[in-house]
Visitor: 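The structure that follows is given in the form of structure tokens.
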Amino acid sequence: MSHSPLTVEEWQAVLAGDSAGAAAALFDAARGGDAHAALHYGQCLLDGRGVARDPQGAFRWFVQAAQSGLAPAMNMVGRCLDQGWGVDETPRLAASWFAAAADKGDAWGLYNYATALSLGRGVEQDRARALELFRRAAAMGHAKSQNMIGSFHEDGWAVPVNLDVAAYHYARAAEGGDFRGCFNHARMEIAHGRMDSAHRWLTEAARLGHARFRRQMVQWLNGREEAWLRRFAAQILSTDMAPA
């Protein structure tokens, strides 16, 4: 029995409900051929949300959704191939899926393909092309791409070093909720002596970032001369070690 595509409001209601119930509803709709349901059910399987974690099953559902032409699903096929989630890690194939998603204007596809081009991962390195794609994604409001544009200008990749331009993009990334953008914006604020602002954005970076990022943050903070930054590092460590 086929299912009519759900409206945006119906999807929001399904995904906001009980996780097991949401996964079951998505599975039912995905079996009926709904590509969006297949994408979301694949994400449930990948995350173990409302259903047992199954990266291999997630990959199969992502592929099914991608074959319908759904750009976000194409990006997720690429992510699985890039990270080895439920399938062998194959950067070359990952880059081709990212490129397909980018060609359809998907912001995450643009970001991931640009990242591959920046690093030469699975594709010939082309930082000028990468910057162009990051700019396209940033124009769509993609905060992580905004942060990467800042890095290009700070490090002089494909453009001359310009710390003022870098600082502008880091600030936009921070305001958009990217934890690396928050951290980089804080670094720039410290360089300009704006410590209150720096403290605010370091706090946001620690709150939004994952554990591995916080460890990297602590290492940077402990390498600074300012005593308050080292105290902040100790605070992060004590929070991470506190029982849940």
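What's counted below: heavy atoms across the whole structure, side chains too, no hydrogens, waters or symmetry copies.
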Visitor: Using salt bridge (charged side-chain N to carboxylate O under 4.0 Å, His left out), reason through Arg215 and Asp240 one step at a time and then give a plain yes or no.
Guide: CA-CA 9 Å; Arg215 289 194 296 271; Asp240 280 353; over 6 Å; no
Visitor: Hey, are the side chains of Glu89 and Gln83 touching, using non-hydrogen atoms and a 4.5 Å cut-off?
Guide: no
Visitor: Has Asp18 got a side-chain atom pairing as donor or acceptor with Ala20's backbone, closer than 3.5 angstrom?
Guide: yes
Visitor: Can you tell me how far apart CE (Met74) and CG (Asp103) are? Round to the nearest 0.5 Å.
Guide: 9.0 Å
Visitor: Is it possible for you to say whether Trp97 and Met76 belong to one hydrophobic cluster, with membership spreading through side-chain heavy-atom contacts below 4.5 Å?
Guide: yes
Visitor: Kindly work out whether a path of hydrophobic side-chain contacts (I/L/V/M/F/W/Y, heavy atoms less than 4.5 Å apart) joins Leu93 to Leu70.
Guide: yes
Visitor: Any donor and acceptor pair, going by atom type alone, linking the side chain of Arg53 with main-chain N or O of Leu46 inside 3.5 Å?
Guide: yes
Visitor: Is Leu117 reachable from Val159 through a run of I, L, V, M, F, W or Y residues, each pair having side-chain heavy atoms under 4.5 Å apart?
Guide: no
Visitor: Let's go through Cys182 and Leu202 carefully: what are the C-alpha distance in whole Å and the side-chain angles of both, what is the deciding distance for side-chain contact (heavy atoms from CB on, under 4.5 Å) to 0.1 Å, and is it a yes or a no?
Guide: CA-CA 7 Å; Cys182 292; Leu202 286 173; over 6 Å; no
Visitor: Could you tell me if the side chain of Leu26 sits less than 4.5 Å from the side chain of Cys44, heavy atoms only?
Guide: yes
Visitor: Under the criterion salt bridge (charged side-chain N to carboxylate O under 4.0 Å, His left out), I'd like the reasoning laid out for Arg135 against Glu132: C-alpha separation, chi angles, the key distance, then a yes or no.
Guide: CA-CA 5 Å; Arg135 284 172 171 160; Glu132 176 188 340; over 6 Å; no
Visitor: I need the minimum non-hydrogen distance between Gln235 and Ser238, along with the two atoms involved.
Guide: O-OG, 2.8 Å
Visitor: What are the two closest heavy atoms between Leu45 and Gly57, and how far apart are they?
Guide: CD1-C, 3.7 Å
Visitor: Check whether the side chains of Asp82 and Asn112 place a donor and an acceptor atom closer than 3.5 Å, and report yes or no.
Guide: no
Visitor: Determine whether more than 12 heavy atoms belonging to other residues, nucleotides or ligands lie under 6.0 Å from atom CD of Gln56.
Guide: no
Visitor: With sequence neighbours left out, which residue pairs that include part of residues 216-238 fulfil the ring-ring contact (aromatic ring centres under 6.0 Å, His included) condition?
Guide: Phe183-Trp220, His199-Trp228, His199-Phe232
Visitor: Evaluate whether atom NE2 of His192 has more than 12 neighbouring non-hydrogen atoms of other residues, nucleotides or ligands under 6.0 angstrom away.
Guide: no
Visitor: Does Phe213 share a hydrophobic cluster with Met148, counting links as ILVMFWY side-chain heavy atoms below 4.5 Å and allowing steps through other members?
Guide: no
Visitor: Run Tyr170 and Glu154 through side-chain hydrogen bond (donor to acceptor under 3.5 Å, both in side chains) and show every step you take.
Guide: CA-CA 10 Å; Tyr170 288 148; Glu154 182 176 11; 2.6 Å; yes
Visitor: Can you hop from Trp201 to Met195 via hydrophobic side chains spaced under 4.5 Å?
Guide: no
Visitor: Is the backbone N or O of Gly209 less than 3.5 Å from a side-chain atom of Arg214, with the two atoms forming a donor-acceptor pair by type?
Guide: yes
Visitor: What ring-ring contact (aromatic ring centres under 6.0 Å, His included) pairs are there with at least one residue in residues 118-142, not counting sequence neighbours?
Guide: Trp108-His142, Tyr111-Phe134, Tyr111-His142, Phe134-Phe152
Visitor: Are the side chain of Ser118 and the backbone N or O of Ala116 linked by a donor-acceptor pair below 3.5 Å?
Guide: no
Visitor: Report the C-alpha separation of Ile236 and Met217 in whole Å, then their side-chain angles, then the decisive distance to 0.1 Å, and conclude whether the side-chain contact (heavy atoms from CB on, under 4.5 Å) test is met.
Guide: CA-CA 9 Å; Ile236 294 172; Met217 214 176 131; 3.9 Å; yes
Visitor: Taking all non-hydrogen atoms of both residues into account, name the closest pair between Leu39 and Pro72 and its distance.
Guide: CD2-CB, 3.8 Å
Visitor: Looking at side-chain heavy atoms only, is the closest gap between Ile190 and Arg187 below 4.5 Å?
Guide: no
Visitor: Going through the distances and angles, do Val87 and Leu81 end up as a side-chain contact (heavy atoms from CB on, under 4.5 Å)?
Guide: CA-CA 6 Å; Val87 66; Leu81 288 163; 3.9 Å; yes
Visitor: I need the full list of ring-ring contact (aromatic ring centres under 6.0 Å, His included) pairs touching residues 55-89, with sequence neighbours left out, sorted by first then second residue.
Guide: Tyr41-Trp61
Visitor: For His36, does its backbone N or O pair with a side-chain atom of Asp34 as donor and acceptor, under 3.5 Å?
Guide: yes
Visitor: Under the side-chain contact (heavy atoms from CB on, under 4.5 Å) rule, what do Leu110 and Ser145 come out as? Steps first, then yes or no, please.
Guide: CA-CA 9 Å; Leu110 288 162; Ser145 293; 5.9 Å; no
Visitor: Any chance you could measure Asn184, atom CG, to Gln146, atom CD, to the nearest 0.5 Å?
Guide: 12.5 Å
Visitor: Which heavy atom of Gly50 sits nearest a heavy atom of Ala23, and at what distance?
Guide: O-CB, 3.7 Å
Visitor: First locate atom CZ of Arg200, then atom NE2 of His185, and finally report the distance between them rounded to the nearest 0.5 Å.
Guide: 7.5 Å
Visitor: Ignoring hydrogens and geometry, is there a side-chain-to-backbone donor-acceptor pair from Arg92 to Val123 under 3.5 Å?
Guide: no
Visitor: How close do Asn147 and Gly181 get, heavy atom to heavy atom, and via which atoms?
Guide: OD1-CA, 3.3 Å
Visitor: Tell me if the centroids of the rings in His153 and Tyr168 come within less than 6.0 Å of each other.
Guide: no
Visitor: Do Trp157 and Leu131 have side chains that approach each other closer than 4.5 Å (heavy atoms only, starting at C-beta)?
Guide: no
Visitor: Say you draw a straight line from CE of Met188 to CG of Asp164; how long is it, rounded to the nearest 0.5 Å?
Guide: 9.0 Å
Visitor: Are the side chain of Arg230 and the backbone N or O of Glu225 linked by a donor-acceptor pair below 3.5 Å?
Guide: yes
Visitor: What's the shortest heavy-atom distance between Ala101 and Gly109, and which atoms?
Guide: CB-CA, 3.9 Å
